[in-house]
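A note on names: the letters A, B, ... follow the listed sequences, proteins ahead of strands, and every chain is numbered from 1. Remember, it's a predicted structure, so these values are computed and weren't measured experimentally.
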Protein chains: 4
Amino acid sequence: MAARPPGGAASADDDRAAHARAERRRQILEAAKEVFAEAGYHEASINAIIERAHIARGTFYLYFDGKAAVFDALLDEAMRELRARITRIDVEDPAAPPPHLQLRDGLVRVLDYVLGDRLLATILLSGTTATEAEAANRAGAFFGEVRSVIRTALEQGIQMKLVRPCNVEVTSAALLGLVRGVVEHLVTTASPPAATEVVAEMIAVALRGVLNA
Amino acid sequence: MAARPPGGAASADDDRAAHARAERRRQILEAAKEVFAEAGYHEASINAIIERAHIARGTFYLYFDGKAAVFDALLDEAMRELRARITRIDVEDPAAPPPHLQLRDGLVRVLDYVLGDRLLATILLSGTTATEAEAANRAGAFFGEVRSVIRTALEQGIQMKLVRPCNVEVTSAALLGLVRGVVEHLVTTASPPAATEVVAEMIAVALRGVLNA
Amino acid sequence: MAARPPGGAASADDDRAAHARAERRRQILEAAKEVFAEAGYHEASINAIIERAHIARGTFYLYFDGKAAVFDALLDEAMRELRARITRIDVEDPAAPPPHLQLRDGLVRVLDYVLGDRLLATILLSGTTATEAEAANRAGAFFGEVRSVIRTALEQGIQMKLVRPCNVEVTSAALLGLVRGVVEHLVTTASPPAATEVVAEMIAVALRGVLNA
Amino acid sequence: MAARPPGGAASADDDRAAHARAERRRQILEAAKEVFAEAGYHEASINAIIERAHIARGTFYLYFDGKAAVFDALLDEAMRELRARITRIDVEDPAAPPPHLQLRDGLVRVLDYVLGDRLLATILLSGTTATEAEAANRAGAFFGEVRSVIRTALEQGIQMKLVRPCNVEVTSAALLGLVRGVVEHLVTTASPPAATEVVAEMIAVALRGVLNA
DNA sequence: CATGAATGAGTCTTCATTCAT
DNA sequence: CATGAATGAAGACTCATTCAT
């Protein structure tokens, strides 16, 4: 189901149909995004989704296999977008910007996205707990990836004497938490500050801590 | 309605009965704790709880008003225990230990508790997302409190020139996230390191950041 | 509504159109026959039918009023064909072949048809049970007719002293069942014997029973 | 689910509970029997069953896993009862009654049962067609067994020269159909004749055919 | 107090049918 | 004529909660 009709040569009609289909899909995804962000996976009902999307029950199942499938699609979207914004810090290419700028730019990209789609971020943050097994695993795996990126950065930094020696397991967990904490704050704050300002604070804390001098 | 039988003077019989009652309650809470920690609020079923507690369905409702009520009780327990371990840093009493030791001791107490009851900590961490409204609010309020403690500490620190001037909103969110990140790591790690060691790392990151020198 | 376009004088164009239309109809009927025979009335889905017929959903409804209508058409086809092969035994016309030959030829015709279109026979056999009321009644009525033919033959036979006196109600039910049993056997057997051979066995049992001498 | 609570020593209370449970189960089975007999497997709805049984939806699922499970239970009941009444004809024990009496008594037992529970017989007859795969297979296997009994009897009879040589495949199919035809007739007839009379006719047809002399 | 059978509101999901293009 | 996206009625099933024993 929910599959594009096959066919090699795409006529103008096919294009139009595919476009309409994609729009419909988006419409459902947007409605589902709102519902999931407000109510969480379990409290969300297909009913609420189709009402908000102004479609009939059957239409929903024309585009998604079920509740889990829409949730997965949303999760995937969030993860895909974020993955594209999270890049490992390049310390070898001499043409690359200095590491702290790479870090800053990456975080700005991430927070910009988060601020631009707070509902989606909410869903991702909630994705690790209390949802159906598969989605939880997927979201868990995603944060595992992110932590892995952080861990690697720490290890490289230590080797280059930029970072002081530390327990990378604990520290990477701490830094991931730090970012998540800030994201959660931004997502739930009515009028959040600009991403660049927030990032400056985050980096200051992460790199130099809160102590004076 | 899960209410203690009324009566002014407590006889020996009453005591024994109350004791038996309290034990029963505990037995249910322990079962529920395991179930909620494993499955999350929604996936958890009354069935699973009463099976693990070896009681009949009706008995459950003699001790708790329903699923939400047990969850709340567990949440309350976790919050009560943690509140007792989280103390505002006293900077006025000259007899009090220096702030950084107060901080360290507080964190050790908290992490000791978390490591001693990982299930409960799991529940609390999951409590903010995707559960029924009331509990989510309660857990949310709790973390709000904690963040408030952190914010106050930061503000005091800034006034005392111990802490560099910063955006306390963002920074408190970051530090709360940092702690949560570490707790989540500990809770999901098979053989976690000792609390004191972890706390040392956390404090190092929080106070001085990860940069060398 | 599956109605032939109106019009008095049939032009060549009309003919061609009518022909195309009839072919389309046939194509759907063949697909439906396979699906109904494989899955039974209820398990059969419009989806399966239109997929096998390589037509669009809406097209199906241009030729038939719905699922029941195609099933009915198939049932009718089977019943029409069989009715044409089942003839009352003529005992009055002196030019007619002797009764037992008429019986034999009639059965051979029936079994030949059944063996030639096993799917259709399967549908007819399944038509009496567990389908929507109307079709069940129609199929039921058909078998009632057949039994009536048998009953009449028995009564005539008794009058002519060819058949021993018996309870014609029970005996006609028995003989109808006998035929249905054999048909079902043929329809579900991979490589069934030739019709003539089977008919010889059937007639032997029906006329003389299984006892020796 | 729907399982007797375990426990070695059965107290009077347990007995009473088990009895109540068994009665409830029966009540549901009876309601389901009527509904399935009237409407067939697919047209039958859980709704219709619970309405006729005067129970709530959930209660139904306390006793059966679903629609298929009740149907299976009914099918099993019918098959169990009939199997107990169908015995292979014993031609070796000299103390056994003569074969034709064994045959007669067996058929009388079967028809008595069928007449005593026409609804159940209806369900069994409908069980081969158009139901969910498993049940259809089970019913199909049952009739396969019965035919096997008939086939064996024919082969023994042929060896003993009681039965004339014949194609046992076709003939057993014919005789099974004969019995089914008569059963169907009895089941759908308002005031059917007594089993003994019907059996006499059936045996007459099967053994000697319908011809005079 | 303890029990567990009974309840029924709430959800998900399927699929025959319609209709605008 | 043909299409296939949209529809929504209908049905199966779950599970928190109640209450008579």
Basic-acidic side-chain contact under 4.0 Å: R26(D), E77(D): yes
Between CG of L29(D) and CD of E34(D), what distance do you get to the nearest 0.5 Å? 11.5 Å
Residue A56(C), side-chain heavy atoms: nucleotide from dA12(F), dT3(F), dA6(F) that is nearest: dT3(F)
Taking the side chain as C-beta and beyond, is there a heavy-atom pair between T122(A) and F36(A) under 4.5 Å? no
Just the rounded figure in Å: distance from C1' of dA5(E) to CZ of F64(D). 15 Å
Taking only side-chain N and O atoms of Y61(D), does any of them lie within less than 4.0 angstrom of OP1 or OP2 on dT14(F)? no
Atom CZ of R21(D) and atom P of dG4(E) are separated, to the nearest Å, by 12 Å
Could you give the CD1-to-C1' distance, from I50(C) to dT17(E), as a whole number of Å? 12 Å
Using heavy atoms to find the nearest nucleotide of DNA chain F for G66(D) and I55(C) separately, return the residue whose nucleotide is more 5′. I55(C)
Cationic N near anionic O, under 4.0 Å, E38(B) to K33(B): no
Rounded to whole Å, CD1 of I46(D) lies from P of dC12(E) at a distance of 20 Å
Please classify the nucleic acid contact of A69(B) as base, sugar-phosphate, or nothing, using heavy-atom distances under 4.0 Å. nothing
Spacing between N47(D) atom CG and dG8(E) atom P, to the nearest angstrom: 13 Å
When we call it a touch if two heavy atoms are under 4.0 Å apart, what does G58(A) touch: a base, just sugar-phosphate, or nothing? base
Would I123(C) and F71(C) count as a side-chain contact (heavy atoms from CB on, under 4.5 Å) if you check the C-alpha gap in whole Å, the side-chain angles of each, and the deciding distance to 0.1 Å? CA-CA 9 Å; I123(C) 289 171; F71(C) 191 78; 3.7 Å; yes
Would you indicate whether the side-chain heavy atoms of I50(A) and T59(A) approach each other to under 4.5 Å? no
Which residue, H54(D) or A68(C), contacts DNA chain E at a nucleotide closer to its 5' end, judged by nearest heavy atom? H54(D)
Out of dT13(E), dT18(E), dG10(E), which nucleotide sits closest to the side chain of R57(A)? dT13(E)
Can you tell me how far P of dT17(F) sits from CD1 of I49(B), to the nearest Å? 10 Å
Please tell me which of the listed nucleotides, dG8(E), dT17(F), dT7(F), lies nearest to the side chain of R24(A)? dT7(F)
Just call it for T59(D): base, sugar-phosphate, or nothing, with non-hydrogen atoms closer than 4.0 Å on any strand. base
Once pairs are restricted to Watson-Crick or G-U wobble with both distances under 3.5 Å, how does DNA chain E read as a dot-bracket string, [ ] for crossings and | for other-strand pairs? .||||||||||||||||||||
Is the shortest distance from a Lys or Arg side-chain nitrogen in R25(A) or E30(A) to a carboxylate oxygen in the other one below 4.0 Å? no
Counting the atoms with a prime plus P, OP1 and OP2 as sugar-phosphate, which does A44(D) contact under 4.0 Å by heavy atoms, base, sugar-phosphate, or nothing? sugar-phosphate
Taken to the nearest whole Å, CD/Q27(D) to P/dA5(E) is 15 Å
Name the closest nucleotide to the Y63(A) side chain, picking from dC12(E), dA6(F), dC1(F). dA6(F)
Nearest-nucleotide check on DNA chain F, A20(A) vs K67(B); residue mapping nearer the 5' end is A20(A)
Testing the 3.5 Å rule here: is there a donor-acceptor pair between the side chains of H42(C) and E43(D)? yes
Could you check how far NE2 of H42(B) sits from P of dG10(E), rounded to whole Å? 15 Å
